[in-house]
Amino acid sequence: MNQHISFCVYYLLNDGYAAQAGASIYSLFEHNTDLPKLDTWLFTDHVDPDHLSRILRIGERFGRTIRTVQTEEIDRYLKERYQLDYERCGIGKQRLLLDRLFVESWLAGRYEYALYLDSDTIVQGSILPAFSRAGDHPLCAAIDIVPKEYKKAVGLQTQEPYLNSGVLVINLEKWQERRCEEKMADQVRTGYHQYWYCDQDPLNIVLHHENAGILPLQYNLFPIMSSFDYGNICFLMGRHCRYYSKDEYEAAKREPVVIHFVYMVQGRPWQAGNRNPYKTLWEEYVQKAGWTEWPCEDMPHTPKHRFRAAALKIAGKKGLAFACRLIHLYDSVFIFRQYRRAHAGAWAVQKGSVPRG
């Protein structure tokens with residue numbers, strides 16, 4: 001990929017994830033020192049000035065530009081341009097999850113591409129090859145581990161990929177040309193209260209019609225994959241689901257570029273009592289970023305989490321895969337019933353069609 005293409009990286013964070021963002025940004029800069037330019041944008045929601053200054057010092061250390069924008073500006077922009085009011089829709093607590101999809105106004109015109117990274121990521125390689133996947137696609141992302149029943153519940157076909165929103169490559173020109181931001185705003189405004197995954201469901205529904213690209217799994221590897229072999233993943237997703245090949249799966253596990261700390265039974269590295277296989281790696285980077293201590297969360301103790309942990313303890317990887325499959329089936333039935341109840345409301349959901357705003 002041509003190093004002279006124009007691109008940036010951006011994050012959204014609140015104060016609870018400042019340490020995680022610092023660790024991610026440090027790892028990003030450390031593993032991409034060969035790039036002549038690596039602009040980074042922080043869209044922040046009430047981040048403590050001391051925490052923000054630590055992150056900005058990372059940029060100074062590596063000679064990188066870090067720009068900051070308050071997320072209130074995104075909220076005002078959405079109200080004025082799309083009449084999308086998070087508070088009126090009752091989704092104020094989840095707005096950071098959605099704001100990642102509405103930064104076009106700040107980045108388009110400045111850059112050709114934008115790479116979004118969740119704060120709970122660690123970069124272990126060059127990000128440059130990821131942009132070669134963009135092509136004419138408005139957005140590229142990695143395939144998530146979602147069963148066929150859930151895809152049907154949100155209106156997708158079994159063979160269609162369901163994308164994870166933790167790492168996104170956006171072709172800003174194509175995103176504008178195809179009015180993806182406007183379509184996302186319409187989808188959120190008319191159907192948000194129905195979503196199970198508040199950012200990923202509308203993203204997948206809209207991109208269903210926009211020919212999204214697929215990122216290699218190396219750019220969004222979950223730690224849980226250390227507990228699953230390829231057969232476990234295929235069982236979890238169900239037959240005929242689109243996913244990566246076994247060779248691609250094993251290659252990603254051997255040489256991940258972006259590790260994404262989504263929650264599973266091992267816990268996340270900053271949670272008390274976690275058994276995350278990348279715990280030492282994450283702690284190395286958070287300390288390099290300037291945090292000698294960080295907020296320690298409790299491990300979740302919901303019935304679902306206890307069920308997964310018990311299945312892993314009793315029956316190992318196969319037991320964990322079976323437990324996850326049962327939970328996904330339960331979630332799929334629940335969300336399908338939600339969508340059915342919405343039939344006479346905001347969405348007219350017809351059998352075999354994709355819900356649209």
Side-chain angles (χ1 to χ4, degrees), residues 1 7-12 24 28 41 43 96-104 107-108 111-147 150-151 154-157 159-176 178 180-181 183-184 187-188 195-225 233 237 241-245 248-249 251-252 256-262 354:
M1 187 71 179
F7 65 87
C8 69
V9 179
Y10 73 99
Y11 293 80
L12 280 90
S24 182
L28 168 70
W41 289 68
F43 294 87
L96 272 182
L97 295 174
L98 288 161
D99 278 348
R100 73 186 73 182
L101 304 171
F102 297 110
V103 299
E104 173 191 304
L107 305 181
Y111 310 99
E112 297 173 70
Y113 301 98
L115 170 65
Y116 169 77
L117 294 174
D118 266 357
S119 296
D120 57 346
T121 57
I122 289 292
V123 178
Q124 290 292 281
S126 172
I127 62 169
L128 193 61
F131 298 102
S132 66
R133 294 288 176 142
D136 288 334
H137 304 296
L139 179 143
C140 294
I143 302 173
D144 208 343
I145 306 172
V146 173
Y150 189 86
K151 292 181 183 180
V154 299
L156 302 179
Q157 300 298 315
Q159 299 83 3
E160 292 181 275
Y162 182 95
L163 305 177
N164 182 273
S165 62
V167 180
L168 305 172
V169 176
I170 302 174
N171 181 327
L172 292 165
E173 181 180 356
K174 297 300 179 183
W175 186 262
Q176 282 189 314
R178 302 185 189 182
C180 292
E181 184 180 83
K183 294 172 184 177
M184 281 297 310
Q187 192 69 49
V188 172
Y195 303 141
W196 189 258
Y197 296 114
C198 64
D199 55 330
Q200 290 185 173
D201 285 355
L203 178 68
N204 279 276
I205 290 168
V206 169
L207 269 296
H208 165 83
H209 295 285
E210 300 299 337
N211 188 27
I214 305 300
L215 278 179
L217 187 57
Q218 283 99 328
Y219 290 92
N220 198 347
L221 186 82
F222 301 164
I224 190 60
M225 291 172 182
I233 295 292
M237 297 182 70
C241 269
R242 182 177 177 184
Y243 195 58
Y244 301 94
S245 70
E248 290 171 320
Y249 182 77
V257 177
V258 179
I259 301 167
H260 184 192
F261 295 109
V262 297
V354 176

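Here the structure is a predicted model, which means the values were calculated and not measured.
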Please find the pair of heavy atoms, one from [X] and one from [Y], that lie closest to each other, and give the distance.
X: Cys180; Y: Val206; answer: O-CG1, 4.5 Å
X: Ala130; Y: Leu215; answer: O-CD2, 3.9 Å
X: Met237; Y: Ile145; answer: CG-CG2, 3.9 Å
X: Asn211; Y: His137; answer: O-ND1, 2.7 Å
X: Asp199; Y: Leu97; answer: CB-O, 3.4 Å
X: Pro138; Y: Leu207; answer: CG-CD1, 4.0 Å

Taking the side chain from Asn204 and the backbone from Leu163, do they hold a donor-acceptor pair closer than 3.5 Å?
yes
Test item: Gln200 side-chain N/O and Ser165 main-chain N/O as donor-acceptor pair under 3.5 Å:
yes
Under the criterion side-chain contact (heavy atoms from CB on, under 4.5 Å), I'd like the reasoning laid out for Tyr150 against Asp201: C-alpha separation, chi angles, the key distance, then a yes or no.
CA-CA 10 Å; Tyr150 189 86; Asp201 285 355; 2.7 Å; yes
For the pair Glu112 and Phe7, evaluate side-chain contact (heavy atoms from CB on, under 4.5 Å) and give the outcome as yes or no after the intermediate values.
CA-CA 6 Å; Glu112 297 173 70; Phe7 65 87; over 6 Å; no
Atom [atom1] in [X], atom [atom2] in [Y]: separation rounded to 0.5 Å?
X: Tyr243; Y: Ile233; atom1: OH; atom2: CD1; result: 5.0 Å
X: Phe261; Y: Ile224; atom1: CZ; atom2: CD1; result: 13.0 Å
X: Met184; Y: Leu98; atom1: CE; atom2: CG; result: 6.5 Å
X: Tyr244; Y: Ile214; atom1: OH; atom2: CD1; result: 6.0 Å
X: Ile143; Y: Tyr162; atom1: CD1; atom2: OH; result: 13.0 Å
X: Lys151; Y: Arg242; atom1: NZ; atom2: CZ; result: 9.0 Å

Using the rule given for side-chain contact (heavy atoms from CB on, under 4.5 Å), can you reason through Leu115 versus Tyr219, listing the C-alpha separation, both sets of side-chain angles and the distance that settles it, and then say yes or no?
CA-CA 11 Å; Leu115 170 65; Tyr219 290 92; over 6 Å; no
Run the side-chain hydrogen bond (donor to acceptor under 3.5 Å, both in side chains) test against Trp175 and tell me which residues pass, sequence neighbours left out.
none
With heavy-atom distances below 4.5 Å as the criterion, would you say the side chains of Leu139 and Leu203 are in contact?
yes
Is the distance from the ring center of Tyr116 to that of Tyr10 below 6.0 Å?
yes
Does a side chain donor of either Ser24 or Ser119 reach within less than 3.5 Å of an acceptor in the other side chain?
no
Kindly state each residue pair satisfying salt bridge (Lys or Arg N to Asp or Glu O under 4.0 Å) with at least one member in residues 116-126, sequence neighbours excluded.
Arg100-Asp118, Asp120-Arg268
Name every donor-acceptor pair, under 3.5 Å, that has one atom in a side chain of residues 166-173 and the other anywhere in the protein, sequence neighbours excluded.
residue : atom : partner : partner atom : Å
Asn171  : OD1  : Glu173  : N            : 3.3
Asn171  : OD1  : Lys174  : N            : 3.2
Asn171  : ND2  : Gly135  : O            : 2.8

